[in-house]
Amino acid sequence: MNTTCFESPRPTGTAAVASHRCDVLEHRSVNSRYRYLRLRAQADLAGMTRPGQFYQLRCPTTAELQPFLLRPMSVYGTGPEPGCIEFLYNVTGVGTSALATLEVGGSMDIVGPVGNTFSFSPTFSRVMVVARGVGLATMAPLVKAAGQAGVAVTALMSARSPNDLMEKEFLRGVPAEVHSVFDSDGTSDVAKVEALVRTLLARQRPDVVYTCGSHRLLMLLQRVLVDHPEVAGEVAMEQRMACGMGVCLSCVRLFETPDGKQFKRVCREGPVFPIHEVVGEVEFG
Ligand SMILES: Cc1cc2nc3c(=O)[nH]c(=O)nc-3n(C[C@H](O)[C@H](O)[C@H](O)COP(=O)(O)OP(=O)(O)OC[C@H]3O[C@@H](n4cnc5c(N)ncnc54)[C@H](O)[C@@H]3O)c2cc1C
């Protein structure tokens, strides 16, 4: 894919990352599961962070909750002030439950930005984003970039039910053609989504399809894109990881690259990868 990327060269994920002490400016519930967090650091995080990149969050400790490892969290947004950075997270376990106790006016440390970014060009005509769950937090800055560049956006959003969709939080005012599918009414069924994706690809011919948040949707897109070699595909992977610095190797995944099968670290070589390179079933040995 021949693209110019975001304002600066595409980060490779190998640059040194820094720890930033941040002030908590805003922290609130979005719905029963998701919370919004806005931090401000001394450094210009907004200026140095690209869509798809993530930070390692040092969650607070409480009497009941003592998360040991830092928790990876995608950048949901930046700004409006130079040092500000936004996260949208699902409260799932020890770390995110502890994070939810963070009070406005308090502080926390974050490490990053970590990882690479999506391939994107303002010369694209249309992009398609396929998101489910926390994937929408990862792709929201990409949608914003497309909107700012005047690139048309097709959003295929999958959720358990209409209450979980968070369309407003995903698009943040960017005009898009939205297709929503739900577990609750059966429209998220793989065969139905595949038919919808095939129809949209044939009709709209987007330059690229991006996805995050669902292995099932990733595998579906990999299958469908074989029939559309003119459409590029990228996935931001949310692999479980420990150090997030490329050292512990806990986040390695197998990829089918032009040089053959290779294990890559999602935290360092990713988290964004070409969809066709992802190997669904990991083969060891
Ligand atoms: C690159 C990346 C970006 C992410 N962006 C977001 C985001 O924007 N919003 C959001 O809500 N979540 C995001 N996640 C998932 C988030 O990191 C996990 O939900 C979180 O770490 C869970 O921690 P916990 O202690 O609450 O849960 P626990 O299940 O108690 O976590 C235990 C351990 O598993 C790890 N872990 C658990 N789930 C995941 C997961 N899905 N991915 C990676 N590690 C996991 C934790 O880091 C921790 O070390 C992202 C994950 C990655 C890798």
Side-chain angles (χ1 to χ4, degrees), residues 11 13 17 27-39 45 49-62 64-78 85-102 108-118 129 131-144 157 159-160 164-166 169-170 172 210-218 234-253 264-273 278 282:
V17 291
H27 194 192
R28 57 179 165 76
S29 292
V30 172
N31 58 26
S32 59
R33 281 211 301 277
Y34 283 84
R35 293 182 67 81
Y36 168 86
L37 173 64
R38 188 159 68 97
L39 305 175
L45 296 187
T49 304
R50 301 287 172 263
Q53 290 192 295
F54 65 98
Y55 282 79
Q56 286 277 82
L57 275 52
R58 188 177 300 285
C59 302
T61 55
T62 70
E64 297 80 28
L65 304 165
Q66 283 111 33
F68 174 62
L69 297 165
L70 279 63
R71 298 308 198 253
M73 210 60 75
S74 292
V75 177
Y76 169 58
T78 53
I85 186 150
E86 302 169 297
F87 299 97
L88 187 72
Y89 68 95
N90 188 4
V91 180
T92 54
V94 176
T96 46
S97 297
L99 189 60
T101 68
L102 204 59
M108 77 174 297
D109 293 330
I110 66 175
V111 177
V114 184
N116 62 0
T117 182
F118 298 99
V129 288
R132 183 174 167 101
V134 295
L136 72 85
T138 306
M139 288 198 292
L142 182 65
V143 169
K144 182 179 173 188
M157 302 181 65
R160 291 187 201 180
D164 294 312
L165 193 65
M166 295 194 291
E169 286 76 14
F170 184 40
R172 306 188 92 178
Y210 306 102
T211 191
C212 184
S214 163
H215 183 73
R216 199 172 56 120
L217 288 172
L218 167 62
E234 288 189 337
V235 56
M237 304 195 73
E238 284 174 1
Q239 187 71 14
R240 281 179 174 254
M241 55 182 66
C243 78
M245 313 291 285
V247 176
C248 74
L249 305 183
S250 64
C251 65
V252 290
R253 288 279 307 249
K264 293 187 179 182
R265 301 163 297 181
V266 171
C267 71
R268 282 310 229 180
E269 284 78 49
V272 180
F273 295 94
V278 176
V282 182

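Order of listing sets the numbers, starting from 1, for every ligand and every atom in it. Heavy-atom basis, side chains included; hydrogens, waters and symmetry copies ignored. Note that the structure is predicted; figures quoted are calculated from it, not measured.
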When rounded to the nearest 0.5 angstrom, what distance separates [atom1] in [X] from [atom2] in [Y]?
| X | Y | atom1 | atom2 | answer |
| --- | --- | --- | --- | --- |
| Asn90 | Met73 | CG | CE | 9.0 Å |
| Asn116 | Arg268 | CG | CZ | 11.0 Å |
| Glu169 | Leu88 | CD | CG | 7.0 Å |

Tell me the contacting part of [X] for ligand 1: side chain, backbone, both, or neither, using a 4.0 Å heavy-atom threshold, strictly below.
| X | result |
| --- | --- |
| Asn90 | both |
| Tyr89 | both |
| Ser74 | both |
| Val91 | neither |
| Met241 | both |

| request: Report the member of Ala242, Gly93, Gly133, Pro72 with the shortest heavy-atom distance to atom 14 (N) of ligand 1. | output: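 It is Pro72 that holds the nearest heavy atom.
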ask   = Counting from 1, what ligand 1 atoms have a heavy atom of Leu69 closer than 4.0 Å?
value =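 With Leu69 as reference, the close atoms of ligand 1 come out as 49 (O).
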- Just which atoms of ligand 1 are under 4.0 Å from any heavy atom in Gln239?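 Matching atoms, with element in brackets: 42 (N), 43 (C), 44 (N), 53 (C).
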Exercise. Are there protein heavy-atom neighbours of atom 18 (C) of ligand 1 below 4.0 Å?
Worked result: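 No, no protein heavy atom sits under 4.0 Å from atom 18 (C) of ligand 1.
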Other residues, nucleotides and ligands only: do more than 12 of their heavy atoms fall within 6.0 Å of CZ on Arg160?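 It does not: Arg160 CZ has 12 such atoms or fewer within range.
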Mutual orientation of the aromatic rings belonging to Tyr89 and His27 [parallel < 30°, tilted 30-60°, perpendicular > 60°]
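Geometry flag for His27 against Tyr89: tilted rings.
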